[in-house]
Amino acid sequence: MDVSELLDGLNDKQRDAVAAPLQNMLVLAGAGSGKTRVLVHRIAWLMQVEHASPYSIFAVTFTNKAAKEMRSRVEETISTSAGGMWIGTFHGLSHRILRAHHREANLPEAFQILDSDDQQRMIKRLLKAMNIDDKKWPPKQVSWYISAKKDEGLRPKDIKAYDMNEQMFLNIYTAYQDACDRAGLVDFAEILLRCYELLNTQPTLLRHYQQRFPHMLVDEFQDTNTIQYAWLKLLAGSGGNVMIVGDDDQSIYGWRGAKIENIRRFLSDFNAQTIRLEQNYRSTSTILKAANALIANNSERMGKSLWTDGNEGEPISIYAAYNELDEARFIVGKIRSWLNAGNALQDSAILYRNNAQSRILEEALLQEGLKYRIYGGMRFFERQEIKDALSYLRLIGNRQDDAAFERIINTPTRGIGDRTLSLVRDCARNESLPLWYAAKALIEQKHLTGRAASAITAFVNLIEQIEENIQELNLEEQAKYTINTSGLMAMYQAEKGEKGRARVENLEELINACGQFELPEEEEFASPLTGFLSYTALESGEGQAEEHEDAVQMMTLHSAKGLEFPLVFMAGVEEGMFPSQQSNEESGRLEEERRLCYVGMTRAMEKLYISHAETRRLYGQEKYHSPSRFLREIPEQCIEEIRIKTQVTRPQASNRFSSTMSHAAFEDTGFNLGQRVLHTKFGEGTVLNYEGTGAQSRIQVAFDDVGTKWLVTAYARLQSI
DNA sequence: AACGCCAATTTTTTT
DNA sequence: AATTGGCGTT
């Protein structure tokens, strides 16, 4: 590709970023401003103009999806393979370094990765062993504590406990780390911390990487946490060509340790130039105006204002639903009209604050016969049956893996009960042995009696026999053999119902995935099996069953980041839901909620609907929510409120008045517009019954008492609900 | 080991 | 409301 082609079709700011001289740079990239494009073209520019070798390029993202997209777009742009380039996630790249230097990192060659579920189970077992009440110190909270500390780069020795309570957390952290180290296991946060420590303590190694990668690029920088920042800084060394791309207004992972301040830190630590990408190629000017106004309510911003030379588009429609069913009905009705107008279903998305909201929406879509796809939730490699199977493979690859041992020792049931198991655990703890070797020792020393002994022996033999018999097989055959021989397949085949059938299918899919798996050539693994196991942990399998069917896209606001849709619905935009109950003024999380709202709004390309329900069933109780404060922060001229706006006429010198049902909100419901009703009482709270239609509205606000006209805003109340 | 009952618990999520 | 986990019973 010609150099000038790299700059073609870019705006001035994008060009400044792509063609900048070698320097540290912050690209403050607003939503929809073409940041991926800039990153990709910058990489191509480095290669073609600065003559950078692909081996010198290091690009970091947060998700596998983003990494994959970047790689394929780079390859598309430079028209050759991007092999040799390191493009990956923080965890993926750190993991790669750890594999290559596992000895220096004090890890066994076949070390494995704990996901958060494994981590919690591990902690739970530990609490039991340490005789700690898991009601007082819930495993979930403990794992949260440990991860948070690791994200801060803190080992137990670096932490001073403030009180007895924290001291307990600290003790568990210490014990947990000890257990992981002995079992050859690393959790997600450990991957980053361990890699950081490795580089920090091995100057030769660090220099090697620093020299190899003079060109670094980082995406979504606003989501970096403390350890990720430190890791980057270490790798960048004194080199002066780091490009970070981010948007402080889209920082929505503070609750997970992301530090928005890292952007400012980067500016001073790296003495970096700032380039702002503010031209938006996604949304209508109305949507941008609204989003800009909303986010302006946040303080401490880097400052940025999106603009477009595109159309004004339609106003943002705000629908005040009577309850969540009405809300769902409204959304589905609008999607139906959108579809009937000749649009594609997959171009519409429903966004919500929490996953629990999806159910009602689903039901409404189902009723209307509209296909939908829900993002998030249980991923492929996180499923119970898959984790069972993987645990067999893990234990075969590494006998020290206590987490895997615990999971499968009695799955399927083979007569190893709690009594026997606690003997094994005690022995393991007393002798500082992995559970596997403790079990073997107990058999050898004849500490186990008849039935328990034979059950354990059978298990030990099973694992050893599997290992022996799969030596000559390829990965797919290994998995197949293991799943069948272990009895897992038979166990799930015996499980009745839809669930059992699905699980068997998943196990088959796992075998299939093993066949499809290509071991990354450039990376160093003890065996293909180890490589596959790492892959399953780091890439939990979102793309496993990705069907590109035409369906309504449903997801939380968080998972919508980075995506765009012509038609977007934001549901449940109510106080207590969004901003959520726990992010009130005191918690200091309001600004992050506002950013989340900003993220949601800027997903919409053409039309945005925002809805809130007056009444909502939440945790089995009726809750009354007022519209979200965020709605008031949107300029009125960007908004069209869809409500039953009833115009009321008051005859002179009379208490009687009539009102007319006159709003589009009823269009899709089959009610008759223009229906009139007579009343004698009028005021806040008066219920208007539209006879024969089953519709009601309740007067919410009465104002403008001018002459014979009252302007009244009333909410719809549908009797069918 | 399978079943059933009771109690607790409810943001957001990637790796 | 609905799901999950723990515990006791068969």
Asks: Nearest to the A:Asn64 side chain among C:dA1, B:dT15, B:dT11, which nucleotide is it?
Replies: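 My answer, after comparing the listed nucleotides, is B:dT15.
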Asks: Please report whether the ring centroid of A:Phe459 lies less than 6.0 Å from that of A:Phe405.
Replies: yes
Asks: Using a 4.0 Å heavy-atom cut-off, does A:Glu593 contact any base of the nucleic acid, only the sugar-phosphate backbone, or nothing at all?
Replies: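 Counting heavy atoms under 4.0 Å across all strands, the contact made by A:Glu593 includes a base.
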Asks: Stacking between A:Tyr253 and the base of B:dT12 (centre distance under 5.5 Å, interplanar angle under 30°)?
Replies: no
Asks: Verify the ring-centre separation between A:Tyr209 and A:His101: is it less than 6.0 angstrom?
Replies: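 Close enough - the centres of the two rings lie under 6.0 Å apart.
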Asks: Okay, side chain of A:Glu539, backbone of A:Thr536: is any donor-acceptor separation there less than 3.5 Å?
Replies: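 Between the backbone of A:Thr536 and the side chain of A:Glu539 there is no qualifying donor-acceptor contact (under 3.5 Å).
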Asks: If you pin A:Ala356 and A:Leu538 to their nearest nucleotides in DNA chain B, which one's is more 5'?
Replies: A:Ala356
Asks: Within the 4.0 Å heavy-atom criterion, would you say A:Gly415 contacts the bases, only the backbone, or no part of the nucleic acid?
Replies: sugar-phosphate
Asks: How far does the C1' atom of C:dA2 sit from the matching atom of B:dT13, given to the nearest Å?
Replies: 22 Å
Asks: If you check the A:Tyr619 side chain, which of B:dT11, B:dT15, C:dT3 turns out closest?
Replies: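 Ranking B:dT11, B:dT15, C:dT3 by closest atom to the A:Tyr619 side chain puts B:dT11 first.
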Asks: Which nucleotide wins on minimum distance to the side chain of A:Arg359, given the candidates C:dT3, B:dT13, B:dT15?
Replies: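 Ranking C:dT3, B:dT13, B:dT15 by closest atom to the A:Arg359 side chain puts C:dT3 first.
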Asks: Is there a donor-acceptor contact under 3.5 Å from the side chain of A:Asn297 to the main chain of A:Leu294?
Replies: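 A pair under 3.5 Å: yes.
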Asks: Does B:dT12 have OP1 or OP2 under 4.0 Å away from a side-chain N or O of A:Ser580?
Replies: no
Asks: Would you kindly give the CZ-to-P distance between A:Arg414 and B:dA2, to the nearest whole Å?
Replies: 13 Å
Asks: If you compare every side-chain N and O of A:Thr556 against the phosphate oxygens of B:dT12 (OP1, OP2), does one of them come in below 4.0 Å?
Replies: no
Asks: Nearest to the A:Glu382 side chain among B:dA1, B:dT11, B:dT15, which nucleotide is it?
Replies: B:dT15
Asks: Can you identify which nucleotide, out of C:dA2, B:dT15, B:dT12, has its nearest atom closest to the A:His558 side chain?
Replies: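 The closest nucleotide is B:dT12.
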Asks: Please check the phosphate of B:dT15 (OP1 and OP2 only) for any side-chain N or O of A:Asn225 closer than 4.0 Å.
Replies: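 It does not, given that no N or O in the side chain of A:Asn225 lies less than 4.0 Å from OP1 or OP2 of B:dT15.
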Asks: Kindly say whether A:Asp418 contributes a backbone atom to a donor-acceptor pair with the side chain of A:Ser422 at under 3.5 angstrom?
Replies: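 Yes: the side chain of A:Ser422 pairs with the backbone of A:Asp418.
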Asks: Starting at atom CZ of A:Arg379, determine the distance to atom P of B:dT15, rounded to an integer number of angstrom.
Replies: 7 Å
Asks: Please report the distance, rounded to the nearest Å, between CD in A:Glu575 and C1' in B:dT11.
Replies: 15 Å
Asks: Using only side-chain N and O atoms of A:Asn355, determine if any of them is under 4.0 Å from OP1 or OP2 of B:dT12.
Replies: yes
Asks: Charged N to carboxylate O below 4.0 Å: is that the case for A:Arg616 and A:Glu327?
Replies: yes
Asks: Using whole Å, report how far CH2 of A:Trp231 lies from P of B:dT15.
Replies: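 Distance check: A:Trp231 CH2 to B:dT15 P gives 15 Å.
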Asks: In whole Å, I'd like the distance from the CZ atom of A:Arg594 to the P atom of B:dT11.
Replies: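 After rounding, the reported distance stands at 22 Å.
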Asks: Quick check on contacts: within residues 487-495 of chain A, what sits under 4.0 Å from DNA chain B by heavy-atom distance?
Replies: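 The stretch gives none, as no residue of it lies under 4.0 Å from the strand.
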Asks: Does any N or O donor sit under 3.5 Å from an N or O acceptor when you compare the side chain of A:Ser116 with the base of B:dT15?
Replies: yes
Asks: Check A:Lys128 with A:Asp134, please: is the shortest side-chain N to carboxylate O separation under 4.0 Å?
Replies: no
Asks: Decide yes or no, distance alone: a donor-acceptor N/O pair under 3.5 angstrom between the base of B:dT11 and the side-chain of A:Arg589.
Replies: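 Donor-acceptor pair under 3.5 Å: yes.
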Asks: If you count every heavy atom of other residues, nucleotides or ligands that lies below 6.0 Å from A:Gln493 atom CD, does the total exceed 12?
Replies: yes
Asks: Across the strands shown, which category fits A:Asn410 at heavy-atom distances under 4.0 angstrom: base, sugar-phosphate, nothing?
Replies: sugar-phosphate
Asks: Mind checking if A:Asp223 touches a base, just sugar-phosphate, or nothing, with heavy atoms under 4.0 Å?
Replies: nothing
Asks: In the 5'-to-3' direction, what one-character label does each nucleotide of nucleotides 5-10 of chain C receive under the scheme B = base within less than 4.0 Å of a protein heavy atom, S = sugar-phosphate only, - = no such atom?
Replies: SS----
Asks: Keeping the roles fixed (side chain from A:Tyr229, backbone from A:Phe266), state whether a donor-acceptor pair exists under 3.5 Å.
Replies: yes
Asks: In this structure, how many angstroms lie between the C1' atom of C:dA2 and the CD1 atom of A:Ile360, rounded?
Replies: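 In whole Å, C:dA2 C1' and A:Ile360 CD1 are 12 Å from each other.
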Asks: Taking A:Thr420 for its side chain and A:Ile416 for its backbone only, find out whether a donor-acceptor pair lies under 3.5 Å.
Replies: no
Asks: Among the nucleotides B:dT15, C:dA1, B:dT11, which one has an atom lying closest to any side-chain atom of A:Arg353?
Replies: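 In terms of side-chain proximity for A:Arg353, the closest of B:dT15, C:dA1, B:dT11 is B:dT11.
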Asks: May I have the distance from A:Lys561 (atom NZ) to B:dT15 (atom P), rounded to whole angstrom?
Replies: 12 Å
Asks: Does B:dT13 have its OP1 or OP2 closer than 4.0 Å to a side-chain nitrogen or oxygen of A:Arg256?
Replies: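 No, outside the criterion.
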Asks: Are a donor atom and an acceptor atom from the side chains of A:Lys150 and A:Gln177 found within less than 3.5 Å of each other?
Replies: yes
